Enquirer: 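Handing you a structure now.
The residues of the chain are indexed from 1 along the displayed sequence. Since we're looking at a predicted model, the values are computed, not measured.
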Amino acid sequence: MDEALAKELTVFAVLVASLALFVFGRWRYDVVAISALLALALAGIVPAAEAYKGFGHPAVITVAAVLVLSRALYNSGVVDVIAAWYSRIPDLLTFRVAALSGMTAFLSAFMNNVGAVSRLLPVVVRVSNRSDHPPSRFLMPLAFASLLGGLTTLIGTPPNLIISKFREDELGVPYQMFDFAPVGVAITVAGVAFLALVAWRLIPTRQAPLTLGDTLDVENYMTEVRVPENSRFVGMLLRDIEESANEEVTIAGLLHRGLVYPAPSSFQIIDANDVLIIEADPDDLKTFVDNTGFELEGSRDFQEEIRQSLASGDVSIIEAIAAPESPVLGRTARDLHLHAEYGVNLLGVSRQGQRIIRRLSRIDFRVGDVLLIQGQDEVVQTALPRLGLLPLAQRELRIGQQRRLFFPIAVFTGALLLTSLGLLSVQVSFVSAIAILVVTRFVTLQDAYNAIDWPIIVLLGAMIPVGEALETTGGAARIASTLAGLGAFLPPWAMLGTLLVSTLLLSAIINNAAAVILMAPIGISVAQALGASLDPFLMAVAIGGSSAFLTPIGHQSNTIVMGPGGYHFVDYFIVGLPMVVVIVAVAIPAIMWVWPLGI
């Protein structure tokens with residue numbers, strides 16, 4: 001077999017295996033990406049000296065910088081100000097969805113999509129509950145709008161940064177900050193209109209038995225309390241404790257002499273060191289503990305601090321949702337050693353529609369679980385990103401005060417202007433902005449490092465050389481020549497549509513950054529085979545990569561709202577398919593008008 005063909009087939013085999021692993025989801029996508037890179041390096045296709053050059057790629061540096069600046073904006077309180085405005089929108093579904101979608105799209109154009117969604121999610125749920133509309137009407141538009149907003153600027157989403165670098169490598173000039181705006185804004189306006197007028201009507205009404213609104217108001221946490229040896233309740237009946245709780249606390253289970261009793265009898269005699277598994281919100285929990293003298297379960301040497309946690313200004317209770325790719329998924333509090341390793345305690349777990357009659361330390365966490373985390377303010381802020389938990393409603397701790405609103409926004413705006421005017425490259429201007437914020441202590445170094453989504457960084461750094469291998473071995477040209485053959489009987493707009501839809505379908509099952517890295521070389525090769533301009537084909541790949549509307553696994557924003565909205569997998573297809581039709585119908589003519597093919 002010809003050596004060049006053998007290398008090409010090896011790259012295809014590695015890519016097919018990687019795609020299968022991405023879809024299967026058994027391994028995290030950063031592990032899959034590193035494994036693919038190592039396989040090609042061991043095969044001699046990616047030179048050892050260049051195997052890790054992707055980690056120094058400008059797109060990787062820029063993505064990391066955008067994540068840090070996004071955290072600075074998040075901490076500044078700008079999202080809270082906008083969220084407060086949203087709560088005053090008239091109670092009409094079309095107005096509410098339009099305002100929510102437009103606001104989310106605007107925020108997502110300049111900050112991390114997941115950050116915008118996670119911050120607005122509890123606000124949206126509260127507002128929807130007060131208006132008697134199920135959260136399912138709002139949360140999918142929230143997620144979809146975050147994807148739309150990312151289409152409008154260079155920094156709106158990692159695929160845009162990656163596409164810009166491909167253009168720079170081919171033509172010597174990257175895309176500027178708002179080069180994506182003419183097409184992106186047209187798509188966003190059409191998408192927001194669709195969400196406001198049509199999409200919410202297509203969303204099946206989903207009312208989970210326990211919605212996120214319940215957990216945010218806040219109810220239905222499973223919590224453990226221990227009966228101390230000197231308790232007045234020792235030797236008394238369980239109903240005596242129930243009477244003391246005044247029906248504000250539900251005793252869902254009892255750990256008595258090593259056995260767990262779900263829904264225990266009211267006539268059960270209480271022993272010292274019995275553990276009650278109760279349902280309560282944090283406020284009722286505090287009242288119950290104060291009235292009974294029971295101890296919140298946790299590390300013994302941390303017990304006194306736990307008892308003070310609901311009243312202390314230094315110790316906070318945080319409600320946080322288990323995000324996709326979180327290291328807590330499939331593990332228990334006991335496995336994670338939450339207090340020993342992270343300095344925090346687990347006070348409760350809320351899972352949609354399920355009463356969890358198990359010891360908290362033995363509950364396997366799932367995506368969408370809401371965890372009641374307690375610890376010192378600074379420790380909690382450090383632990384949540386490490387655990388992959390997104391903060392929802394927060395008590396005592398307020399991230400971002402209004403007095404910190406203006407300076408971070410001014411620094412960020414200055415970086416945008418320098419980039420837009422072509423005075424500095426985006427990676428230089430944004431890293432400079434971070435340096436200013438760190439020096440002025442508006443962002444701590446710890447906060448900056450925690451803001452970076454390291455699995456995404458590893459994915460990008462590993463997949464960039466893999467994507468280049470597809471191009472250098474001739475694999476991209478082979479795929480492109482096959483697609484270019486369609487040009488004999490397909491019009492140019494259909495070729496663009498084919499590339500866009502192919503990327504879109506790929507992004508529905510794998511990370512959108514990986515999809516763009518794989519499809520961009522193919523788009524470039526197709527353009528070259530047709531003798532056309534590169535720009536329309538690169539734009540088609542960028543839009544397809546960021547249009548992951550068909551599945552809940554296509555983008556983190558989609559996954560985050562799945563549990564709180566009570567959505568089923570098919571709901572995304574029901575709403576996402578017409579959404580994709582709208583996007584393709586608007587994108588193709590917009591691309592061809594703004595970026596002529598030049599054939």
Side-chain angles (χ1 to χ4, degrees), residues 1 5-46 51 54 158-159 162 323-327 329-330 366-367 388 453-480 482-483 498-523 525 541 544-559 562 569-570 572-573 576-577 580:
M1 182 185 295
L5 179 59
K7 288 184 176 181
E8 186 179 331
L9 292 176
T10 301
V11 172
F12 278 127
V14 170
L15 288 176
V16 169
S18 299
L19 287 175
L21 290 171
F22 279 136
V23 174
F24 186 56
R26 189 64 177 266
W27 293 356
R28 274 185 14 178
Y29 53 74
D30 49 338
V31 175
V32 174
I34 282 289
S35 300
L37 175 60
L38 290 175
L40 294 182
L42 292 172
I45 296 172
V46 175
I162 296 167
E325 309 301 337
S326 168
L329 300 183
R366 302 177 186 173
V367 173
D453 189 346
W454 292 107
I456 287 290
I457 298 301
V458 172
L459 169 74
L460 292 176
M463 288 302 292
I464 285 172
V466 173
E468 290 177 353
L470 180 66
E471 188 172 11
T472 57
T473 58
R478 185 178 297 275
I479 296 173
T482 302
L483 291 176
T498 300
L499 186 65
L500 192 158
V501 172
S502 298
T503 310
L504 186 150
L505 293 175
L506 189 60
S507 70
I509 56 176
I510 70 171
N511 181 274
N512 58 358
V516 167
I517 290 172
L518 295 177
M519 293 300 295
I522 295 172
S525 298
V541 172
S546 296
S547 300
F549 301 107
L550 297 176
T551 68
I553 62 174
H555 193 277
Q556 283 183 313
S557 293
N558 292 353
T559 313
M562 187 177 186
F569 197 100
V570 71
Y572 289 84
F573 187 80
L577 182 59
V580 165

Enquirer: Over all heavy atoms of both residues, which pair between V516 and P521 is shortest? Give the atoms and the distance, please.
Expert: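 Of all heavy-atom pairs spanning V516 and P521, the closest is O-CD, 4.4 Å.
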Enquirer: Minimum heavy-atom separation for S507 to G545, with atom names?
Expert: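 Minimum heavy-atom contact is CB-O, 3.6 Å.
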Enquirer: Any side-chain heavy-atom pair from I517 and I464 closer than 4.5 angstrom?
Expert: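 The answer is yes; the side chains approach within 4.5 Å.
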Enquirer: Does any part of the side chain of I45, heavy atoms only, come nearer than 4.5 Å to the side chain of V11, both counted from C-beta?
Expert: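 V11 vs I45: side chains touch.
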Enquirer: What's the separation between atom CG in N512 and atom CE in M519, rounded to the nearest 0.5 Å?
Expert: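 Result: 13.5 Å between the selected atoms.
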Enquirer: For S502, run the side-chain contact (heavy atoms from CB on, under 4.5 Å) check against L505, L506, L499, T498 and tell me which one passes.
Expert: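 Looking at L505, L506, L499, T498, the match for S502 under the side-chain contact (heavy atoms from CB on, under 4.5 Å) is T498.
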Enquirer: Does any part of the side chain of V46, heavy atoms only, come nearer than 4.5 Å to the side chain of V466, both counted from C-beta?
Expert: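 Not in contact.
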Enquirer: Output, in order, the C-alpha distance, side-chain angles, deciding distance and verdict of side chain to side chain contact (heavy atoms under 4.5 Å, CB included) for L504 and L550.
Expert: CA-CA 9 Å; L504 186 150; L550 297 176; 3.8 Å; yes
Enquirer: From L21 CG over to S35 OG, what is the distance, rounded to the nearest 0.5 angstrom?
Expert: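 Nearest 0.5 Å value for the CG-OG distance: 8.0 Å.
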Enquirer: Which atom pair, heavy atoms only, marks the closest approach of P465 to L37?
Expert: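 Minimum heavy-atom separation between P465 and L37: CB-CD1, 3.7 Å.
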Enquirer: Looking only at non-hydrogen atoms, find the nearest pair between A36 and S18 and report the distance.
Expert: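 Reported closest heavy-atom pair: CB-OG, 3.3 Å.
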Enquirer: With a cut-off of 6.0 Å (strictly less than), are more than 12 heavy atoms of other residues, nucleotides or ligands near CZ of F12?
Expert: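 Above 12, so yes.
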Enquirer: Check whether any side-chain heavy atom of Y572 sits under 4.5 Å from a side-chain heavy atom of N558, and report yes or no.
Expert: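 A side-chain contact under 4.5 Å exists here.
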